[in-house]
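Worksheet: one structure, shown below.
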Amino acid sequence: EAAVTQSPRSKVAVTGGKVTLSCHQTNNHDYMYWYRQDTGHGLRLIHYSYVADSTEKGDIPDGYKASRPSQENFSLILELASLSQTAVYFCASSDRDRGRSDYTFGSGTRLLVI
Amino acid sequence: GDSVTQMQGQVTLSEDDFLFINCTYSTTWYPTLFWYVQYPGEGPQLLLKVTTANNKGISRGFEATYDKRTTSFHLQKASVQESDSAVYYCVLGGGLGAKLTFGGGTRLTVRP
């Protein structure tokens with residue numbers, strides 16, 4: 001069954017530390033995305049990628065980097081974690097018909113920065 | 001840029017009540033409109049998709065329609081069940097940048 005798998009499911013990080021969130025998809029989709037979820041804000045796009053070895057900035061990219069080493073894998077990197085980055089992070093994938101196809105989301109990574 | 005406004009943050013109903021959730025959107029593109037549902041501990045999943053071609057979508061007893069004139073779209077269900085308790089997002093797609101724009105979400109609680 002096609003799926004998007006995120007790891008870890010939850011993480012506690014120290015302010016100023018480096019955090020890497022990982023995402024793996026078996027959907028054979030070209031597009032992958034990282035969203036952030038905060039109460040009352042819905043989901044907001046951080047970075048996305050439409051091909052391996054290339055990433056694009058979304059709506060709220062500041063403080064985040066992304067890496068797409070292969071079609072299946074997409075990582076979100078917080079070089080210097082801050083308290084304001086405490087949130088739930090979702091990875092998603094979609095096929096080439098961007099914006100018109102449904103997305104497949106992972107189950108999320110709950111990040112707490114202390 | 002694209003935007004979606006979801007007015008109802010929380011809705012509480014009893015089983016067999018009628019559900020109606022409303023959103024408005026703004027975009028310069030021909031939109032594709034989605035409703036996603038999120039259950040506790042899970043990621044959002046697609047519930048319905050509505051395009052400018054068909055104006056309406058139906059799935060699992062839910063019906064979504066959109067009104068181009070007022071740039072609004074709606075989700076309704078005639079008779080909700082306790083299992084429908086979840087967060088519902090209205091979502092705008094179809095523009096540049098390969099992204100979906102989410103509304104703030106409506107938390108539906110259905111009491112038995």
Side-chain angles (χ1 to χ4, degrees), chain A residues 1-7 9-10 21 23 25 27 29-51 54-61 66 68 74 88-110, chain B residues 1-10 21 23-54 57 59-60 64 66 86-107:
Chain A
E1 180 179 316
V4 175
T5 305
Q6 294 183 230
S7 62
R9 286 301 307 270
S10 65
L21 307 183
C23 179
Q25 57 110 349
N27 302 327
H29 284 165
D30 292 311
Y31 287 86
M32 296 188 74
Y33 315 84
W34 277 106
Y35 282 85
R36 167 180 173 151
Q37 183 177 48
D38 301 277
T39 302
H41 288 278
L43 280 77
R44 293 179 289 174
L45 182 65
I46 305 170
H47 286 288
Y48 65 98
S49 169
Y50 54 83
V51 68
S54 178
T55 64
E56 305 292 333
K57 294 181 179 180
D59 296 325
I60 54 166
R68 181 94 180 268
F74 193 34
V88 180
Y89 292 85
F90 287 97
C91 177
S93 72
S94 72
D95 69 18
R96 184 172 294 274
D97 187 14
R98 55 185 170 173
R100 298 189 184 276
S101 300
D102 60 88
Y103 286 27
T104 303
F105 281 87
S107 297
T109 295
R110 188 173 297 273
Chain B
D2 295 345
S3 66
V4 179
T5 301
Q6 200 167 343
M7 280 70 78
Q8 301 144 288
Q10 293 200 52
I21 302 174
C23 285
T24 58
Y25 67 90
S26 174
T27 181
T28 56
W29 297 87
Y30 293 103
T32 299
L33 304 165
F34 304 86
W35 284 98
Y36 275 75
V37 59
Q38 185 178 22
Y39 300 100
E42 300 180 10
Q45 57 184 267
L46 179 66
L47 177 61
L48 284 166
K49 180 169 72 173
V50 179
T51 68
T52 54
N54 60 23
S59 174
R60 302 190 235 169
Y66 100 104
V87 178
Y88 293 82
Y89 289 99
C90 50
V91 183
L92 173 66
L96 281 178
K99 68 176 186 177
L100 298 179
T101 301
F102 281 74
T106 296
R107 181 176 298 277

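Convention: sequence-line order gives letters A, B, ...; per-chain numbering from 1.
Residues passing the side chain to side chain donor-acceptor pair (under 3.5 Å) test with Thr55(A), sequence neighbours excluded: none. Partners of Gln6(B) under the side chain to side chain donor-acceptor pair (under 3.5 Å) rule, at least two apart in sequence or in another chain, are Thr106(B).
Heavy atoms of Arg9(A) lying under 4.5 Å from chain B belong exclusively to its side chain. Residue contact with chain B, scored on non-hydrogen atoms closer than 4.5 Å, is absent for Gln6(A). For Glu42(B), the part lying under 4.5 angstrom from a heavy atom of chain A is the backbone only.
Within 6.0 Å of CZ on Arg107(B) lie no more than 12 heavy atoms contributed by other residues, nucleotides or ligands.
With ring centers used as reference points, Tyr103(A) lies 6.0 Å or more from Tyr36(B).
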